[in-house]
Amino acid sequence: MHTDRIIVPLDVPTEALAIALVDRLPQVSFWKVGLELFVSCGGGILSTLKQRQKRIFLDLKFHDIPNTVAGACRAAAGYGVDLVTIHATAGKDALSLAQQAAQEGAKTAGVAPPKLIAITVLTSLSARQLAFELKIPLELPEYALEMASLAREAGLDGAVCSPQEVEQLRRICGDDFLLVCPGVRPSWAAKGDQTRSLTPAQAIKAGADYLVIGRPITAAANPEEAWERICQELAG
Ligand SMILES: O=c1ccn([C@@H]2O[C@H](COP(=O)(O)O)[C@@H](O)[C@H]2O)c(=O)[nH]1
């Protein structure tokens with residue numbers, strides 16, 4: 001079922017708002033907890049989601065020196081979450097140490113280890129920004145591929161990429177490398193700050209394992225209707 005492959009972010013400022021959203025959309029089985037909610041209310045929301053048998057993507061996008069990201073991944077794994085993110089630009093040593101630490105953290109806590117996935121190029125960034133602000137001398141798709149390959153070589157489970165790069169990454173990284181795509185937009189939804197988007201059906205067809213779709217659902221006047229519409233479009 002394609003709908004099991006949609007992850008909805010809980011990008012809200014309080015635990016009460018997050019729980020209200022989870023209870024309003026019982027059809028959603030996979031939720032993402034990101035920086036806004038985690039910084040606002042801590043890890044309690046993760047226990048609440050687990051009590052409701054939800055899968056959890058803990059998207060804190062770690063980016064630091066190897067020892068620090070490893071510690072963060074060890075702690076994150078202890079929550080028993082399903083997916084954890086780290087920036088590929090932390091470098092290969094940080095990525096492999098983080099992967100090792102996530103396995104250890106899960107073992108110590110007696111939970112299944114999370115899949116550790118690397119951010120390649122944030123989906124809000126344009127090719128122009130990559131070149132002129134970040135001074136990256138490669139074309140954006142090539143740079144995204146380099147970042148995904150680095151993550152793969154470091155032993156990570158997958159990568160986060162825009163749907164516009166997913167076809168290329170799937171072809172080169174293979175079928176057992178998890179590819180998670182935010183920046184997905186139905187044709188009827190506003191793009192907001194996402195610059196490299198495709199529709200949900202296009203992203204799945206291009207090879208995405210999971211789609212992260214937030215505001216088109218959570219900021220809709222009727223989130224249930226928006227969810228249904230996306231599911232129907234995917235089924236069609
Ligand atoms: O490159 C990235 C990495 C993570 N995200 C996160 O996904 C969601 C997208 O939300 P929308 O409301 O659908 O834009 C958000 O939580 C981001 O932090 C991303 O967009 N791009």
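Only heavy atoms go into these numbers, but all of them, side chains included; no hydrogens, no water, no symmetry mates. Whatever order the structure lists them in is the order used to number ligands and atoms, beginning at 1. All residue numbers refer to positions in the sequence shown, counting from 1.
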Quiz item: For ligand 1, is there an atom lying under 4.0 Å from some heavy atom of E36?
Solution: no
Quiz item: Considering only the protein, which heavy-atom contact is closest to atom 10 (O) of ligand 1, and what is its distance?
Solution: P9 CG, 3.9 Å
Self-check item: Contacting atoms of ligand 1, where contact means under 4.0 angstrom from a heavy atom of D11
Solution: 15 (C), 16 (O)
Quiz item: Between the side chains of Q202 and T199, does any donor sit under 3.5 Å from an acceptor?
Solution: yes
Quiz item: In terms of the angle between their ring planes, are Y210 and F30 parallel, tilted or perpendicular, with boundaries placed at 30° and 60°?
Solution: perpendicular
Self-check item: Side-chain heavy-atom pair R74, T108 within 4.5 angstrom cut-off
Solution: no
Quiz item: When you look for heavy atoms under 4.0 Å from ligand 1, do you find them on the side chain of T123, its backbone, both, or neither?
Solution: both
Quiz item: Looking at CZ of R152 and CG of L178, how far apart are the two atoms once the value is rounded to the nearest 0.5 Å?
Solution: 13.0 Å
Quiz item: Quick one: does ligand 1 sit under 4.0 Å from the side chain of D59, the backbone, both or neither, non-hydrogen atoms only?
Solution: side chain
Self-check item: Atom indices of ligand 1, in the order listed, that fall short of 4.0 Å to a heavy atom of V212
Solution: 7 (O), 8 (C)
Self-check item: Ligand-residue contact atoms, ligand 1 with P182, heavy atoms, under 4.0 Å
Solution: 2 (C), 3 (C), 4 (C), 5 (N), 7 (O), 19 (C), 20 (O), 21 (N)
Practice problem: Ignoring hydrogens, just give me the one of R196, K32, Q194 whose non-hydrogen atom is nearest atom 6 (C) of ligand 1. | Solution: K32
Quiz item: Which residue and non-hydrogen atom of the protein lie closest to atom 18 (O) of ligand 1, and at what distance in Å?
Solution: K61 NZ, 3.4 Å
Quiz item: Which ligand 1 atoms are under 4.0 Å away from a heavy-atom of R185?
Solution: 11 (P), 12 (O), 13 (O), 14 (O)
Exercise. Say whether W188 and E233, considering side chains only, have a donor N or O and an acceptor N or O under 3.5 Å apart.
Key: yes
Quiz prompt | Side chains of T85 and V160 in contact at under 4.5 Å (non-hydrogen atoms) | solution = yes
Quiz item: Taking C-beta and beyond as the side chain, do S126 and R196 meet within less than 4.5 Å on heavy atoms?
Solution: no
Quiz item: Which atoms from ligand 1 have a heavy atom of R215 less than 4.0 Å away?
Solution: 11 (P), 12 (O), 13 (O), 14 (O)
Practice problem: Test side chain to side chain contact (heavy atoms under 4.5 Å, CB included) on L116 and I86 and set out the steps. | Solution: CA-CA 7 Å; L116 186 61; I86 176 169; 4.0 Å; yes
Exercise. Look only at interatomic distance and state if G214 has a nitrogen or oxygen under 3.5 Å from any nitrogen or oxygen of ligand 1.
Key: yes
Quiz item: Is there at least one pair of N or O atoms, one from D193 and one from ligand 1, spaced under 3.5 Å apart?
Solution: no
Quiz item: Would you call R55 and D82 a salt bridge, taking side-chain N to carboxylate O under 4.0 Å as the test?
Solution: no
